[in-house]
Amino acid sequence: MPKRLFSVGLLTLGLTFVPGTAQAQSGTLKLPLINDPIMNPVIAPDLGSVLINKVIFPGLVRPNEDLLPEPDLAKSWTITNGGLVYTFTLRNDVKWHDGKPFTAADVVFTFKAATDPKSGSRLVSDFSSIKDVVAVNPTTVRFTLSRPFAPFLTLLGHNAGILPKHLLDGKPLNDATAFNRSTPIGTGPFKVTRVVPGASITLEANKDYYGTKPKLSGMVFKVVPDINAQVAQLRSGELDWVNVEPNNLAGLQNDPNITLKQANAVQHFLVFFNQKNPLFAPAKVREAMQYAVNRKAIIDGVLKGYADYPTGTLPTALKKYYDKSIKPIQFDPARARALLAQAGWKANAKGQLVNAKGEPFKFTLIVDRGNPSREQAALAVQQDLKKIGMDVTLQPLEFATLVRDYLLPGKYDANLIWWTTPPDPDQYSYYATGQDNNSAFFSNPKADELLKRGRETADVAQRQKIYNEFQRLEMTNPPVLVLYYPKELQAIRKNLSGLPDLGIRDALRHSEEFQLK
Amino acid sequence: MTLSYLLRRVFHALIVLVMVGIITFFVVRLAPGGPSLLADPKLSVVERQAIEERLGLSDPLPVQFAKWAGQTARGNLGSSFLYGAPTVQIIMTRLPNTLILAGTSLLLTLAVALPLGLASGLRPGSAFDRITSTVSLVFVAVPVFWFGLLLIILFAVTWRVLPAGGMNTAGQEGNLPDLLRHLILPAVVLSAASIAEILRYTRSSTRTVSTQDYVRTARAKGVGQWALRYRHILRNAAIPILTAVGLQLPRLIGGAAITETIFGWPGMGRLSVEAALGRDYPLIMGITLFVALAVVTFNLLIDLLYPWLDPRVRAEA
């Protein structure tokens, strides 16, 4: 008997070493998440949740490869009353994953919930322009806005997936309901079949999907919290697509099974200078700092070239609105010193930058701890500013601490951070006077006027002019020091195709096109 | 051993738990930062206030403490901020996974460390002893995340004989061979440091005992090698080893954070990392109390085992 037990043990051990059960799942795309997601687009707080929700819950529109809205659950739309009324005609062939028909009532329910802060909605700010939303008939929805708001369509295609009224009406959206955690019901090309807490979410192709029939048989979102482990799983074939940081490239560049792809990200990485601090109030000082920081060295050294050189706060990814004719500010420490001298700051005998009273130009730069690219970029900024005589202390902080204890109360001198924005040039809430996200406390009447006009103007050609003018204004009166526009660095198994030329967030809106050979 | 001794120990254990609860509550709440649900700088003031109210963070701290203490006394550890579900329920979904990993690691630790430690202790200064001592020193010093990634690169990426992470291949949940394949690397990483520690304890304890007079007497009386080693030496060397093993258990259950994170193992260790990074106060409190309970329980059990192993302790108790 013991011999038999021993043999069974050996057999089991032998089986454990049989490689490649992962290969049995061809046609199943495997993607990483860093934690268990909340599968409800209205309340989802984190990027992982946002990603999986893009697959399960389509919106009325979705971004195409030019980041412009194209029809999704809505077939068409009209904009009337000077940009105040948006009327959408919905598809009539859409079913929820539980078989119930999708109607205008679902859209009305979703936006009532999204604009109610008590619901726990994360979309309140995005849709604060909505005055009213009504179902004209089962396939027509009419939104009335309180003010003309040009980014409205873009935002509809960004995070606003539509929820099923028949399952959620009258229920608290925020609780740990089965809907949010294990059995979400959407209308997307894939539907959830199994959730293993802390481990994985399995989706299968939705046979009733209204659009192109999905080419994959399914998708698995695996919870892999560590980025190095994600890279290892990509190389071993247990994941198919991982977004990586430049410092992960070493192990991937020589792997014959992996393709590296750059995608445009609608992001800008920047240093805020707290303009309530008299040091940073003069535009000349902020302009000087633009010349003092060697941004090309950061892009080439820290980001291995996976970023664009910046001109202002509008990233190059916004192709339609970005003015290429504006010449970027070059690294020129001598010019920085000259501008600072005009602002009353000159180097003393020790090379320290001091004002007429002999006070040094001294401040602390904070950065979130744990991300090598950002920490190295912050170090480079500190060193460059030191070279022109500024006394800069670098303080890395855990992100939640940085936001809650420093950023929100405005208790900081300078802060290296980033903004990820919807694919629209509207930056009113970031750079207009007194707005919630204007953490630099930038205030300029001309910028306020341009940003207000920009969000109220629907005509693309006119918007281009407005934002080009804003971009030019930022060259001499920079609200912040933009360091770079990063590229999203995607590491993809070579057998995966059909990915649109978009960042992962927007690409997942087209998951029915993905294909594994 | 008397009943009053046992009751006294249980009472002490309860006091420890209460102290752990109070200290952890204030340390966690007074630490900088706040729940990650509030860490999005893009949130408007109204949205932020709505979230704080929903999480019960708008009350003054003493009020929050009173509420927490009241509900904890009734056995309700509150709802996790991140998961929106009762803390106890979340811990219970992760606990079995950790027990599988911790149990396997403990077995592996004992199976490797005890015989090697004993053999080293019986032949101090031999080549075998020198090799095991050096290797165990290396494993005590090696960072867990580095060792884990090294094994992943070797076994999952280069040779492709074992999976790189997770507890099961998706869709294969409940498949024992699949679970075992996923278990090997994290169990080896988690036990590496424990093996080294227990091996060194066993070695020094064996060495101390084997030089005692009664061992020499037994050897002189012609007691056989087997009986001498296992009945006389190992049994007497076992008490400090048992203490060391007892100290490993809470570490295996609560402290496997790095191993579980690297291998994507959905257990308590990773949950504690998520809770700490997300400043999920109820979950942090729940996990801390749970691990504290495990520590006092193991200590109590070990104290109860001492008299069984050593009659001298029995007389004192």
Side-chain angles (χ1 to χ4, degrees), chain A residues 12-13 15-22 24-25 28 30 35-36 38 45-46 117-118 120-122 124-125 174-176 180-181 194 196-200 202 220 222-226 228-229 232-233 235-238 251 397-405 407-408 417 419 429 436-437 439, chain B residues 32-51 54 79-80 82-85 90 93-94 97 145 149 152-153 156-157 160-173 176-178 180-181 184 261-264 266-267 270-271 273-274 277-279:
Chain A
T12 315
L13 200 63
L15 277 174
T16 63
F17 278 96
V18 176
T21 44
Q25 290 181 325
T28 301
K30 297 173 288 294
N35 51 20
D36 282 330
I38 293 177
D46 59 291
K118 289 197 179 103
S121 163
R122 290 294 179 134
V124 174
S125 305
N174 251 295
D175 287 8
N180 293 344
R181 289 295 180 180
R194 188 180 173 97
V196 183
S200 63
T202 306
V220 172
K222 288 178 70 179
V223 182
V224 185
D226 183 73
N228 295 308
Q233 293 207 17
R235 294 184 61 197
S236 69
E238 291 166 71
L397 292 162
E398 185 247 348
F399 186 66
T401 308
L402 185 152
V403 172
R404 196 173 162 94
D405 297 351
L407 190 62
L408 295 177
I417 203 168
W419 289 123
S429 69
D436 273 353
N437 297 330
S439 306
Chain B
S36 62
L37 296 173
L38 290 160
D40 180 353
K42 280 188 211 159
L43 285 175
S44 67
V45 177
V46 180
E47 289 164 301
R48 209 172 284 282
Q49 281 167 350
I51 296 172
R54 184 164 54 79
S79 265
S80 153
L82 297 173
Y83 291 86
I90 297 164
T93 58
R94 300 294 185 92
N97 302 340
F145 68 89
L149 286 172
I152 290 175
I153 289 167
V157 178
R160 302 203 174 198
V161 288
L162 288 170
M167 198 172 157
N168 285 100
T169 308
Q172 299 278 316
E173 291 81 10
L176 184 63
D178 186 64
L180 286 174
R181 290 182 68 227
I184 293 172
T261 301
I262 289 173
F263 288 97
R270 207 177 89 198
L271 192 65
V273 175
E274 280 174 36
L277 290 180
R279 295 285 200 282

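Keep in mind the model is a prediction, meaning the values are calculated, not measured. In what follows, chains are A, B, ... by sequence order, proteins preceding strands, each numbered from 1. The basis for the numbers below is simple: all heavy atoms, side chains too, and nothing from hydrogens, waters or symmetry mates.
- With salt bridges taken as basic N to acidic carboxylate O contacts below 4.0 Å, one links B:R94 and A:D36.
- Neither the backbone nor the side chain of B:I90 comes within contact range of chain A; no heavy atom of the residue lies under 4.5 Å from a heavy atom of that chain.
- Between the NZ atom in A:K222 and the CG atom in B:N168 there is a gap of 10.5 Å [rounded to 0.5 Å].
- Heavy-atom distances place no part of B:L271 under 4.5 Å from chain A, backbone and side chain included.
- Between the CG atom in A:D226 and the CZ atom in B:R270 there is a gap of 10.5 Å [rounded to 0.5 Å].
- Contacts between A:S121 and chain B at a heavy-atom distance below 4.5 Å involve the backbone alone (N, CA, C, O).
- Most heavy-atom pairs under 4.5 Å with chain A: of the set B:P41, B:G34, B:S36, B:S80, this distinction falls to B:P41.
- Heavy atoms of A:L397 lying under 4.5 Å from chain B are absent altogether.
- Looking at A:E398, only its side chain comes within 4.5 Å of chain B, counting heavy atoms on both sides.
- For A:I417, the part lying under 4.5 angstrom from a heavy atom of chain B is the side chain only.
- By the 4.5 Å heavy-atom criterion applied to side chains, A:S200 and B:E173 are counted as neighbours.
- Pairing each heavy atom of B:V45 with each of A:D436, the nearest pair is N-OD2, 3.5 Å.
- Interatomic distance, CG of A:N437 versus CG of B:D40, reported as 8.5 Å (0.5 Å rounding).
- For chain B, the nearby part of A:R194 is the side chain; its heavy atoms alone come within less than 4.5 Å.
- Distance CZ/A:R122 to NZ/B:K42: 11.5 Å, rounded to 0.5 Å.
- Only the side chain of B:I51 has a heavy atom closer than 4.5 Å to any heavy atom of chain A.
- In this structure, the side chain to side chain contact (heavy atoms under 4.5 Å, CB included) partners of A:K118, at least two apart in sequence or on a different chain, are A:D116.
- When each of A:S125, A:A199, A:P117, A:P45 is checked for heavy-atom pairs under 4.5 Å with chain B, A:S125 comes out on top.
- Residues passing the side chain to side chain contact (heavy atoms under 4.5 Å, CB included) test with B:I152 are A:A232, B:L149, B:A156, B:A164, B:I262, B:F263, sequence neighbours excluded.
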